[in-house]
Amino acid sequence: MTDTLDIKITKTNKSRLEETDFSHLPFGKVFSDHMFTADYEDGEWKNFQIVPYGDISFSPAISVLHYGQAFFEGLKAYKHDDGKVTVFRPYKNAERFNKSAERLCAPELPEDIFVQSIAALVDLDRDWIPTAAHHSLYIRPFMFSTDPYLGVQPSKTYKYMVLTGPVGAYFSKPLKVKVETKYSRASEGGFGFAKAAGNYAGSLLPAQEAMKEGFDQLIWTDGRDHAFVEELGAANVMFMIDGTLITPSTRDTILKGVTRDSVLTLARKWGIPVEERRVSVAEVIDALKNGKLTEAFGVGTAATIAPIASIGSEGELYHLPDTTKAEFSNRTLKALNEIRYGKVADEFGWNYTV
Ligand SMILES: *Cc1c(COP(=O)(O)O)cnc(C)c1O
């Protein structure tokens with residue numbers, strides 16, 4: 001770590017903590033008292049500040065509103081029984097943030113600024129971290145372009161911010177998912193590997209159409225032939241077929257998830273065969289038909305492990321075995337939680353102590 005970041009802290013004079021209902025925490029709607037902000041100007045990052053959470057004001061001409069130079073990260077902080085607070089693998093997110101920045105022509109944010117901005121903010125709002133089972137503090141770092149200029153070119157100024165908010169479980173029940181073969185999320189040579197706002201904008205209509213058909217989520221397939229599985233909504237996807245854990249290998253159309261990496265690391269440690277490779281829709285459907293597909297689930301920070309109950313493909317709906325008995329995904333969720341909440345030794349060094 002480099003020198004501690006010089007952050008100007010302005011505390012709120014009216015905390016909203018007391019009036020917040022921690023028994024009702026819809027994802028992404030409840031924000032902690034403070035936020036972090038920094039500016040990129042004249043080729044450098046400056047104005048590191050923590051201020052009360054609140055509105056920000058800009059020219060309506062700022063380039064992000066027109067050309068979409070915006071990207072983000074998502075990670076979580078956990079409170080252990082002894083009161084210790086840790087953030088899960090923040091340097092992985094810092095690294096990915098810069099991959100997104102590079103692809104979107106935005107400036108690099110030094111990894112230590114990313115991690116220290118989060119640590120300072122989480123530390124200040126540590127009373128906002130919920131302690132109930134499966135609860136945590138969701139952390140949302142993001143960057144956007146701020147030049148008030150309508151010419152199409154990379155902006156010269158940017159804002160980096162971090163918001164946090166307490167969250168509970170993301171999905172309440174196993175998912176009914178649809179294999180999407182009309183739309184695609186990302187294309188070869190595009191920026192599917194970046195956590196770019198634009199990838200989400202393009203995913204809304206397909207998701208809405210699937211919901212109208214009664215599905216909870218989409219399984220994205222490759223943009224060229226719609227023959228290979230890529231992701232599950234905004235999570236990576238994994239299948240247990242005949243005792244082997246199979247997941248699409250990462251490529252420029254697939255986001256390289258931190259949860260994905262963590263789950264694969266655990267599986268390998270447990271001696272479970274793991275295959276990272278292209279996975280065809282036909283292979284998944286065949287395995288469903290002949291009973292070899294025992295588990296399928298999404299993996300991501302917000303969703304953690306999201307079991308799939310049924311998969312719709314070409315008008316047919318295929319059911320998976322009872323997800324409450326899904327051995328691998330249940331074991332993985334338990335093991336990940338034990339590490340995150342400090343119940344077991346952090347053997348991989350995944351917890352960053354605030
Ligand atoms: C954020 C995200 C994931 C999951 O990544 P994690 O690092 O595990 O949270 C997967 N796919 C997409 C498209 C995402 O945006």
Side-chain angles (χ1 to χ4, degrees), residues 27-28 68 70-78 87-101 103-104 111 114-115 118 134 136-143 163-164 167 169-171 175 177 180 183-187 190-204 206-207 210 217-223 228-239 247-267 276 279 296-306 308 329 332-333 335-337 339-340 348 350-352:
F27 181 85
F71 52 98
F72 64 95
E73 273 303 326
L75 59 167
K76 283 176 172 173
Y78 302 84
V87 178
F88 193 69
R89 308 189 75 181
Y91 278 96
K92 285 290 242 195
N93 297 85
E95 188 188 330
R96 189 171 65 197
F97 199 56
N98 282 325
K99 292 220 168 75
S100 299
R103 182 62 179 82
L104 295 176
E111 290 188 1
F114 181 92
V115 174
I118 288 168
H134 299 287
S136 58
L137 189 77
Y138 184 75
I139 303 164
R140 167 55 60 87
F142 57 109
M143 193 194 296
L163 306 177
T164 70
V167 294
Y170 192 77
F171 295 119
L175 303 172
V177 306
E180 178 60 62
Y183 298 108
S184 50
R185 190 190 80 89
S187 60
F191 53 95
F193 66 89
K195 223 167 165 73
N199 286 329
Y200 281 72
S203 74
L204 299 175
Q217 278 286 339
L218 294 179
I219 288 188
W220 294 108
T221 54
D222 71 284
F228 294 95
V229 171
E230 299 216 312
E231 298 205 50
L232 173 74
N236 294 113
V237 66
M238 297 189 175
F239 303 94
T247 191
S249 39
T250 54
R251 51 211 308 273
D252 63 1
T253 54
I254 295 181
L255 194 111
K256 206 171 168 184
V258 178
T259 318
R260 176 186 182 279
D261 181 80
S262 308
V263 171
L264 295 179
T265 301
L266 287 173
E276 293 181 67
V279 183
F297 48 94
V299 295
T301 297
T304 57
I305 309 282
I308 295 173
S329 51
T332 305
L333 181 59
L336 275 178
N337 278 340
I339 295 173
R340 288 160 165 164
F348 304 106
W350 285 343
N351 291 334
Y352 178 91

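Atoms within each ligand, like the ligands themselves, are counted from 1 in listed order. Nothing here was measured: the structure is a model prediction, and the numbers come from that model.
- The only option from N351, D261, T301 that meets the side-chain hydrogen bond (donor to acceptor under 3.5 Å, both in side chains) definition with R89 turns out to be D261.
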(request) Take N236 and T259 through the side chain to side chain contact (heavy atoms under 4.5 Å, CB included) test and state the conclusion after the steps. (result) CA-CA 8 Å; N236 294 113; T259 318; over 6 Å; no
(request) Begin with the C-alpha distance, continue with both residues' side-chain angles, and end with the deciding distance and a verdict on side chain to side chain contact (heavy atoms under 4.5 Å, CB included) for R260 and I254. (result) CA-CA 11 Å; R260 176 186 182 279; I254 295 181; 5.6 Å; no
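- Screening T253, T221, T250 for a side-chain hydrogen bond (donor to acceptor under 3.5 Å, both in side chains) with E230, the sole residue that qualifies is T253.
- Within 4.0 Å of ligand 1, counting heavy atoms only, the contacting residues are R96, R185, K195, Y200, E231, A234, A235, N236, L255, G257, V258, T259, G300, T301.
- With sequence neighbours left out, the ring-ring contact (aromatic ring centres under 6.0 Å, His included) criterion links Y138 to F27.
- Side-chain contact check for Q217 versus I308: every heavy-atom pair is 4.5 Å or farther apart.
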